[in-house]
J.: 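Please read through the structure below; I'll follow up with questions.
In what follows, chains carry the letters A, B, and so on, assigned in the order in which the sequence lines appear, proteins first and then strands, with residues in each chain numbered from 1.
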Amino acid sequence: MSDLYIHNSLSSKKEKFIPINKDLIGLYVCGPTVYSDVHLGNCRTFTSFDIVYRYLQYIGYKVRYVRNITDAGHLDGDADIGTEDKMAKTAKALKLEPMEVAHHYTVGFHKMMELFNNLPPNIEPRATGHITEQIEMVQDILENGYGYEVNGSVYFNVQKFAEENDVYGKLSGRVIDDLLSETRDLKNQGEKRHSADFAIWIKADEHTLQRWNSPWGEGFPGWHLECSAMSTKYLGSRFDIHGGGEDLKFPHHENEIAQNCGACNVVPVNYWMHGNMLLLNGRKMSKTPDPITGISNSIMPQDLFSGKNEFFSKAYSPMVLRFFMLQAHYRSTLDLSDEALLAAEKGYYRLMEANHRLQDLVHTGEENIHENENEQIEKMIQAAIDDMNDDFNTPKALSRLFVLVNKINSIHTNQINISSIKEETFNKLKKVFNDFIFDIFGLKDETQSTDESTAHVLDGLMDLIINIRQDARTTKNWGTSDQIRDKLNELKIKLKDSKDGTSWTIEK
RNA sequence: GGUCGGUUGGCCGAGCGGUUAGGCAGAGGUCUGCAAAACCUUGCACAGCGGUUCGAAUCCGCUACCGACCUCCA
């Protein structure tokens, strides 16, 4: 097994992955703020890290995967100007308790993750459930001299932190002097000593719905704080991998590092990973409406699944979307288009169909071993694994699988004799191909019925229909046989005739 | 304006110094009652201009365009 390399945002280089503790990897991913439905772009990030989680486990690591739910403290706007957070805004608009809003969207988020077949994390902590930890962290920061209190709010002193630690700005590539010099032309500095400072505890005003008691009076935690507090609580002050969307790099992740460091005096994360954005019409997908057009450049997954949207010609299933995402590297932007999704859909079915064929094939004993074919198959299997070890290169690994699809189909149609393939190679192919599709890529087989009894009935019915059609074909009753084929096709059941008989698949 | 990243064939998208990426679409063929599926064959792609090199899509410089972040976003 070759070594795993991960692109580290801290160094902008691929680095060999060396875990802190071989027996348990710590993986933290920034989860959603549950004040609205997740859009497809959010789904991409979580899917990217689902692959990371799956693959780490596949190569034998035990992983503690922590992904938070932010249900408080996420400010909408500048902390100095207004203290209304995203949660409160939605709660007021819908006349609901903030917790009701959070719960509603949390349930929706979970449903969506399930549709994408993303595994649940091991721990999914909520910001509101960790107020104590966050207050303690603010206290630690104050004790270490990196925070200051003004009128019931507490701010992180970026200038002091930057002067004493060579840490701030490293992740996002910001130059400290630039950040600090921006002060001069800043109009609204408010209580902050410095424009680069940020709030870690914010005093509640009469409009604040979510408020907690603290040593500084009633208030609520700053946005970046919950990730710092919860990652420390569940993964320790130092852990292996922290992931999130590219757009969180600054200020969120930069401030997270500062807080951890400011509280615990250690740099918290060894490997920072950032997933790139999903594009719609060549622009970043975003909930925030365009200030000029007023249209938000985003699509909700459910609208894509139902086909009811203005962007695409038809409905696409969750697994087609997942497959589509796998075709691009997580660090590249990915452009959504009808043509691209159509291509992904066909590719997905082709891959699944090949796996069915492969799993149905039985090796019948070796004879006239074809060294070259064996070598090619072995090489592709190894290459796919090497690709995953190379910073989770799913598109490249997937391309290896498609080379194998070609081999599988050739074996299926007897263009390559199965007996010319070594049994060991064949069994390896069978296992690894299947592992890749289901365990590593996390694809689900949408062509199979999940309910066993329904599947049984369906199998029986299809056998019957195919037999009737075969009889019609034998008597050259093409009208009947074509009618059966066409009507089934309308039901998205595709018949495939071959010398050995007719097979069928459902394409959703 | 600052910082970073991108520009690959009809579309999506890998590759990042010498090898066919891959998917989809297209063309020709095999098979088939016809079709589908499958298989075989097929595409003079690397924004432009210079430079380095025996050799560059891949390294360096300049130009053009696009995007992200710098303010909430996965």
J.: So which nucleotide from B:rA74, B:rA37, B:rA25 ends up closest to the side chain of A:K287?
T.: B:rA74

J.: If I pick the P atom on B:rA36 and the same atom on B:rC31, what distance separates them, to the nearest angstrom?
T.: 15 Å

J.: Closest to the A:F46 side chain: B:rG33, B:rA74, B:rG13?
T.: B:rA74

J.: When rounded to the nearest Å, what value does the distance between P atoms of B:rA45 and B:rU19 take?
T.: 14 Å

J.: Taking only side-chain nitrogens and oxygens of A:S498, does any of them come within less than 4.0 Å of OP1 or OP2 of B:rA38?
T.: no

J.: Identify which nucleotide among B:rA74, B:rG23, B:rC31 has an atom closest to any side-chain atom of A:T33, counting heavy atoms from C-beta outward.
T.: B:rA74

J.: Can any side-chain N or O of A:S298 pair as donor or acceptor with the backbone N or O of A:M285 at less than 3.5 Å?
T.: no

J.: Is A:D482 side chain donor-acceptor paired with the B:rA35 base, going by distance under 3.5 Å alone?
T.: no

J.: By the 4.0 Å heavy-atom rule, please label A:H412 as base, sugar-phosphate, or nothing.
T.: nothing

J.: Roughly how many Å is it from CZ in A:R283 to C1' in B:rC66, rounded to a whole number?
T.: 9 Å

J.: Paired with B:rG67: which nucleotide, if any, by Watson-Crick or G-U wobble criteria at under 3.5 Å for both distances?
T.: B:rC4

J.: What is the pairing partner of B:rC72, taking Watson-Crick or G-U wobble pairs with both distances under 3.5 Å in any strand?
T.: none

J.: Using the P atom as the point on both nucleotides, what is the distance between B:rA57 and B:rU8, in whole Å?
T.: 15 Å

J.: Can you measure A:L334 atom CG to B:rC11 atom C1' for me and round it to whole angstrom units?
T.: 13 Å

J.: What distance, rounded to whole Å, do you find between the two P atoms, one in B:rG10 and one in B:rG17?
T.: 26 Å

J.: Partner lookup for B:rG33, please. Criteria are Watson-Crick or G-U wobble with both distances under 3.5 angstrom; report none if nothing qualifies.
T.: none

J.: Between A:R44 and B:rA74, is there a side-chain N or O to OP1/OP2 distance below 4.0 Å?
T.: no

J.: B:rC31, B:rG15, B:rA25: which one has an atom nearest the side-chain heavy atoms of A:K499?
T.: B:rC31

J.: Report the nucleotide, chosen from B:rA74, B:rC24, B:rC70, that has the shortest atom-to-atom distance to any side-chain atom of A:L278.
T.: B:rA74

J.: Does the pair A:R357/A:D360 count as a salt bridge with the N-to-O cut at 4.0 Å?
T.: no

J.: Can you confirm whether A:D166 is buried at CG, in the sense that more than 12 heavy atoms of other residues, nucleotides or ligands lie under 6.0 Å from that atom?
T.: no

J.: Please name the residue in the list A:L326, A:L404, A:L401 that meets the side chain to side chain contact (heavy atoms under 4.5 Å, CB included) test with A:L351.
T.: A:L401

J.: What integer distance in Å separates A:H329:NE2 from B:rC16:P?
T.: 12 Å

J.: Below 4.0 angstrom from OP1 or OP2 of B:rA21, is there any side-chain N or O of A:R400?
T.: no

J.: Please report the distance separating the C1' of B:rC72 from the corresponding atom of B:rG18, rounded so that it comes out in whole Å.
T.: 48 Å

J.: Compare the ring of A:F402 with the six-membered ring in the base of B:rG23 and state whether they stack (centres under 5.5 Å, planes under 30°).
T.: no

J.: Look at the side-chain N and O atoms of A:N406 and state whether any lies under 4.0 Å from the OP1 or OP2 oxygen of B:rC39.
T.: yes

J.: Quick one: pull up CD1 in A:I440 and CZ in A:F392 and give me the separation to the nearest 0.5 Å.
T.: 11.0 Å

J.: Could one point to a donor on the side chain of A:T413 or the base of B:rA38 with an acceptor on the other under 3.5 Å away?
T.: no

J.: Could you tell me which nucleotide pairs with B:rA57 by Watson-Crick or G-U wobble geometry, both distances under 3.5 Å, or answer none if nothing does?
T.: none

J.: Got a sec: does the NZ of A:K314 have more than 12 other heavy atoms crowding it under 6.0 Å?
T.: yes

J.: What contact category does A:S48 fall into here, base, sugar-phosphate, or nothing, at under 4.0 angstrom with non-hydrogen atoms?
T.: nothing

J.: Pick base, sugar-phosphate or nothing for A:A340, based on heavy-atom distances below 4.0 Å to the nucleic acid.
T.: sugar-phosphate

J.: With the side chain of A:D335 defined as its heavy atoms from C-beta on, choose the nearest nucleotide among B:rG13, B:rG33, B:rC11.
T.: B:rG13

J.: Using a heavy-atom cut-off of 4.0 Å across all strands, would you classify A:R67 as base, sugar-phosphate, or nothing?
T.: nothing

J.: How many Å lie between CD on A:E353 and P on B:rG23, as a whole number?
T.: 16 Å

J.: Give the rounded distance in Å between these two atoms: NE2 of A:H7 and C1' of B:rA14.
T.: 17 Å

J.: For the pair made of CZ in A:R331 and P in B:rA14, what is the distance, rounded to whole Å?
T.: 10 Å

J.: Within the 4.0 Å heavy-atom criterion, would you say A:G173 contacts the bases, only the backbone, or no part of the nucleic acid?
T.: sugar-phosphate

J.: When you compare B:rG9 with B:rC49, how far apart are their P atoms, in angstrom units rounded to a whole number?
T.: 16 Å

J.: If you find the nucleotide of RNA chain B closest to A:R469 and the one closest to A:C30, which residue's nucleotide is nearer the 5' end?
T.: A:R469

J.: Choosing from B:rA74, B:rA37, B:rG23, which nucleotide comes nearest the side chain of A:M285?
T.: B:rA74

J.: Check whether NZ of the Lys or CZ of the Arg A:R67 lies under 6.0 Å from the centre of the six-membered ring of A:F49 and within 45 degrees of that ring's axis.
T.: no

J.: Using a heavy-atom cut-off of under 4.0 Å over every strand shown, decide if A:D338 touches base, sugar-phosphate, or nothing.
T.: nothing

J.: Has A:R350 got a side-chain N or O lying under 4.0 Å from the OP1 or OP2 atom of B:rC24?
T.: yes

J.: Would you kindly compare A:S12 and A:G275 by the position of their nearest RNA chain B nucleotide and give the one closer to the 5′ end?
T.: A:S12

J.: Could you tell me whether A:K494 sits above the aromatic face of A:Y349, with NZ or CZ closer than 6.0 angstrom to the six-membered ring centre and within 45 degrees of the axis?
T.: no

J.: Quick one: label A:L248 by what it contacts on the DNA or RNA (base, sugar-phosphate, nothing), any heavy atom closer than 4.0 Å.
T.: sugar-phosphate

J.: Suppose you measure atom P in B:rC11 against the same atom in B:rA47; what distance do you get, rounded to whole Å?
T.: 14 Å

J.: Side-chain N or O of A:K284 less than 4.0 angstrom from OP1 or OP2 on B:rC69?
T.: yes

J.: Nearest to the side chain of A:K396 - B:rG15, B:rA74, B:rG33?
T.: B:rG15

J.: Would you measure the distance from the C1' atom in B:rC66 across to the matching atom in B:rC54 and give it in whole Å?
T.: 36 Å

J.: So does A:K496 have more than 12 non-hydrogen atoms from other groups sitting under 6.0 Å from NZ?
T.: yes

J.: So which nucleotide from B:rC12, B:rG13, B:rC39 ends up closest to the side chain of A:F324?
T.: B:rC12

J.: When we call it a touch if two heavy atoms are under 4.0 Å apart, what does A:D497 touch: a base, just sugar-phosphate, or nothing?
T.: base

J.: Among B:rA37, B:rG33, B:rA74, which is the nearest nucleotide to the side chain of A:K496?
T.: B:rA37

J.: How close do A:F324 and A:A344 get, counting heavy atoms only, and between which atoms?
T.: CB-CB, 3.8 Å

J.: Please give, in whole Å, the distance from B:rA74 C1' to A:I51 CD1?
T.: 16 Å

J.: In Watson-Crick or G-U wobble terms, both distances under 3.5 Å, what is the partner of B:rC62?
T.: B:rG48

J.: Looking at A:N276, does any N or O in its side chain come under 4.0 Å of the phosphate oxygens OP1/OP2 on B:rG67?
T.: no

J.: Between the side-chain atoms of A:D387 and the base atoms of B:rG15, is any donor-acceptor pair under 3.5 Å?
T.: no

J.: Could you state the CZ-C1' distance from A:R473 to B:rC34, rounded to the nearest angstrom?
T.: 10 Å

